[in-house]
Amino acid sequence: MARTTNSDTLPYVESRYELGMLASQRVRDLNGGAEPVVDQGNDKLTVVALREIASGKLDVDAVRHEFVQSYKEAPSVDAGEESLEIGTSDPLLREIDAELEDALASDDIPTESAEEAAEVAEESADEE
């Protein structure tokens with residue numbers, strides 16, 4: 001089959017950047033079991049995704065919507081799993097977090113304070 005070029009897809013996408021995003025989403029869909037809208041042959045899924053976009057047979061708006069939604073969904077913590085959030089029960093971690101927030105708010109991280117925070121973090125990691 002002939003190669004698919006960027007110019008083949010331009011009527012269906014706004015830019016090469018969007019083409020990359022949509023093609024990657026379509027590859028994830030195909031890996032998840034979606035049926036290709038063009039003949040797959042011996043081509044890899046990336047080539048199939050680009051051919052689908054260039055053919056005009058693929059609903060690009062649906063793929064675009066799915067791509068955006070995939071980045072909106074926040075992972076949830078199931079019961080029994082640990083959260084990656086810093087626990088508020090540890091006063092040392094709260095103090096480090098507060099110092100870091102203050103330093104970021106002032107856009108000036110003092111060298112001594114950063115070194116002390118690193119030492120405290122290492123000590124905390126060693127205790128665990």
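One is the number of the first residue; the rest follow in order along the sequence.
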Euclidean distance, [Y] [atom2] relative to [X] [atom1], rounded to 0.5 Å:
| X | Y | atom1 | atom2 | result |
| --- | --- | --- | --- | --- |
| Leu50 | Leu19 | CG | CG | 5.5 Å |
| Tyr12 | Leu22 | OH | CG | 14.0 Å |
| Ser70 | Asp29 | OG | CG | 9.0 Å |
| Gln25 | Leu30 | CD | CG | 10.0 Å |
| Leu58 | Arg26 | CG | CZ | 5.0 Å |
| Arg51 | Asp8 | CZ | CG | 11.5 Å |

Do the side chains of Met21 and Val60 join up, straight or via other hydrophobic residues, at under 4.5 Å, putting them in one cluster?
no

Is there a chain of hydrophobic side chains (I, L, V, M, F, W, Y, each step under 4.5 Å between heavy atoms) that links Val27 to Val63?
yes

With a 4.5 Å limit on heavy-atom distance, are the side chains of Gln40 and Leu45 in contact?
yes

Quick one: salt bridge (Lys or Arg N to Asp or Glu O under 4.0 Å) partners of Glu66, sequence neighbours excluded?
none

State whether the side chain of Glu18 and the backbone N or O of Val13 hold a donor-acceptor pair below 3.5 Å, judged by distance alone.
no

List the atom of Ala23, the atom of Ala49, and the distance in Å for their closest heavy-atom pair.
O-CB, 3.8 Å

